[in-house]
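Structure, as C-alpha cells:
Atom set for the values below is all heavy atoms of this structure, side chains included, hydrogens, waters and symmetry mates excluded.
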Amino acid sequence: GRDANYTLGIVRSKKGGDVKAPAVVELLDLPADASESAVAVCSANFHALTLTESGRVYANGVGRGGRLGLGREEAAVQPRLVGGPLLLRQGLCVCAGL
C-alpha cells in the first residue's frame with residue numbers, strides 16, 4: 001500500500017512510497033503485560049484508526065488539526081493510544097474520514 005501520510009503505521013527510513021510486502025504493525029502505549037490484537041482498522045488519506053479486542057482505539061498518520069485525537073498536532077508514524085474521554089469508553093467500531 002501507499003504510505004504517503006504514515007497511514008500504514010510502520011517505521012520506515014523515509015516517508016512516502018509503496019510498501020509491497022506485509023509488515024507487522026506494533027501498537028504503542030500498550031501496558032507491558034498486555035497482548036492485544038487488532039479487530040478493525042480503518043484508513044483514510046491522512047490517518048488510520050485501529051480498534052483492539054478490548055475496545056481501545058489507536059491512531060496514526062498526520063496529526064494536523066488534532067485529527068488523531070492525541071492532544072497534539074505532530075504526526076504519529078506508529079499507532080498511538082487515543083486518550084482523553086475515550087479512555088473511559090469501550091470502542092465498538094472505527095471510521096476515518098479524509
Check whether Leu70 and Leu51 end up in the same hydrophobic cluster, where Ile, Leu, Val, Met, Phe, Trp and Tyr are linked by side-chain heavy atoms less than 4.5 Å apart.
-> yes
Using a cut-off of 6.0 Å, state whether more than 12 heavy atoms not belonging to Leu92 lie near its atom CG.
-> no
Heavy-atom closest pair (Asn5 atom, Phe46 atom, distance to 0.1 Å) is ND2-CD2, 3.5 Å
Kindly state each residue pair satisfying salt bridge (Lys or Arg N to Asp or Glu O under 4.0 Å) with at least one member in residues 70-81, sequence neighbours excluded.
-> Asp29-Arg80
Gap separating the CG atom of Leu49 from the SG atom of Cys95, nearest 0.5 angstrom = 8.0 Å
Gap between atom CG of Leu81 and atom CZ of Arg56 - 0.5 Å precision | 6.0 Å
Is there a path of hydrophobic side-chain contacts, each under 4.5 Å between heavy atoms of I, L, V, M, F, W or Y residues, that connects Val94 with Val82?
-> yes
Provide the full list of salt bridge (Lys or Arg N to Asp or Glu O under 4.0 Å) pairs with a residue in residues 43-55, sequence neighbours left out, each pair given once.
-> none
Contact summary for Gly61 and Leu68, nearest pair of heavy atoms | O-CD1, 3.6 Å
So which heavy atom on Glu36 is nearest to which on Thr52, and how close?
-> OE2-OG1, 2.8 Å
Nearest heavy atoms of Ala38 and Thr50, plus distance in Å | CB-CG2, 3.6 Å
Ala96 versus Cys42, closest heavy-atom pair with distance = N-SG, 3.2 Å
Can you find a heavy atom in the side chain of His47 that is under 4.5 Å from one in the side chain of Asn60?
-> no
Hey, what do you get for CG (Asn45) to OG1 (Thr7), rounding to the nearest 0.5 Å?
-> 8.5 Å
If you take all heavy atoms of Leu86 and Val57, which pair is closest and at what distance?
-> CD2-CB, 3.9 Å
Ala75: what forms a side chain to side chain contact (heavy atoms under 4.5 Å, CB included) with it, not counting sequence neighbours?
-> Tyr6
